[in-house]
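Encoded as structure tokens, the structure appears first; notes follow it.
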Amino acid sequence: MRKLISTGSPFEKAAGYSRAVVQGDWCFVSGTTGYDYTTMSMPETVEAQTRNCLATIAKALQDGGFEIADVVRAHYYITDAAFVDIVFPILGEAFGDIRPAATMIVCQLNKPEMKIEIEVTALKRTA
């Protein structure tokens, strides 16, 4: 059974995507930027954006019946190589104990205010 998860972001409808898609024991979370979806504002710092990304991802996972600990793959997209050492400790707080397979890429994102985008895949853990 397929379940679509939404944050209520206007971007999801406009661009035709879901924040996450649950299919069986898998949850695929779309690339998530640092917007605060309650205020539709973007913080200025990469640290705050990273924390917002992780909070949005955690909520999408929870809404799908998953936890951060279920994450098996993470892709990080940053707009400046100087952000690597800034975001590593924040990512370590979230993923340090579970250590998913991960890739970080320096690239341009869709809007100039975006400094980081995070995409994850989760697989339900078995007892």
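We use all heavy atoms of the structure for the numbers below, so side chains are in, but hydrogens, waters and symmetry mates are not. In this chain, residues are counted from 1 in sequence order.
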> Between Ala60 and Ala20, which heavy-atom pair has the shortest distance, and what is it?
Replying inline: CB-CB, 4.3 Å
> Which residue pairs pass the side chain to side chain donor-acceptor pair (under 3.5 Å) test with at least one member in residues 77-86, sequence neighbours excluded?
Replying inline: Tyr77-Glu119
> What pairs with Glu113 under salt bridge (charged side-chain N to carboxylate O under 4.0 Å, His left out), at least two apart in sequence or on another chain?
Replying inline: none
Run the side-chain donor-acceptor check on residues 10-18: report pairs under 3.5 Å with partners two or more places apart or on a different chain.
unit_1, atom_1, unit_2, atom_2, d
Glu12, OE1, Ser6, OG, 2.5
Glu12, OE1, Thr7, N, 3.3
Glu12, OE2, Thr7, N, 3.1
Glu12, OE2, Thr7, OG1, 2.5
Tyr17, OH, Arg19, NH2, 3.4

>> Just to verify, what does Lys3 make a side-chain hydrogen bond (donor to acceptor under 3.5 Å, both in side chains) with, not counting sequence neighbours?
In response: none
>> Can a donor-acceptor pair be found, under 3.5 Å and without considering hydrogens, that links the side chain of Thr32 to the backbone of Ser30?
In response: yes
>> Using the side-chain contact (heavy atoms from CB on, under 4.5 Å) criterion, which residues pair with Ala55? Sequence neighbours excluded.
In response: none
> Considering all heavy atoms of both residues, which atom of Ser41 and which atom of Pro43 are nearest to each other, and what is their separation?
Replying inline: O-CD, 3.9 Å
>> I'd like to check the side-chain hydrogen bond (donor to acceptor under 3.5 Å, both in side chains) partners of Asn52; sequence neighbours left out, ordered by chain and number.
In response: none
>> Suppose we screen for side-chain contact (heavy atoms from CB on, under 4.5 Å). Which residues come up paired with Thr38, at least two apart in sequence or across chains?
In response: Asp36
> Would a hydrophobic clustering, with Ile, Leu, Val, Met, Phe, Trp and Tyr connected at side-chain separations under 4.5 Å, put Met114 with Phe83?
Replying inline: no
> Out of curiosity, Thr121 OG1 to Trp26 CH2, how far, rounded to the nearest 0.5 Å?
Replying inline: 7.0 Å
Could you pull out all donor-acceptor pairs under 3.5 Å where a side-chain atom in residues 88-112 meets a protein atom, sequence neighbours excluded?
unit_1, atom_1, unit_2, atom_2, d
Glu93, OE1, Arg51, NH1, 3.1
Thr103, OG1, Arg73, NH1, 3.4
Thr103, OG1, Arg73, NH2, 3.0

> Hey, any chance Val84 and Leu54 share a hydrophobic cluster, counting ILVMFWY side chains that come within less than 4.5 Å of each other, even indirectly?
Replying inline: yes
>> Using the side-chain contact (heavy atoms from CB on, under 4.5 Å) criterion, which residues pair with Glu44? Sequence neighbours excluded.
In response: none
>> Through direct or indirect side-chain contacts below 4.5 angstrom among Ile, Leu, Val, Met, Phe, Trp and Tyr, which residues connect to Leu4?
In response: Val21
> When clusters are formed by joining ILVMFWY residues with side-chain heavy atoms under 4.5 Å apart, either directly or through shared neighbours, do Ile5 and Leu61 land in the same one?
Replying inline: yes
> How far apart are the closest heavy atoms of Lys115 and Gln49, and which atoms are they?
Replying inline: N-OE1, 2.8 Å
> Got a sec, which residues hit salt bridge (charged side-chain N to carboxylate O under 4.0 Å, His left out) with Lys124, two or more places apart in sequence or on another chain?
Replying inline: none
> If you group Ile, Leu, Val, Met, Phe, Trp and Tyr by side-chain heavy-atom gaps below 4.5 Å, do Tyr35 and Val29 land in one group?
Replying inline: no
>> Restricting to side-chain hydrogen bond (donor to acceptor under 3.5 Å, both in side chains), what partner residues turn up for Asp63, sequence neighbours left out?
In response: Lys59
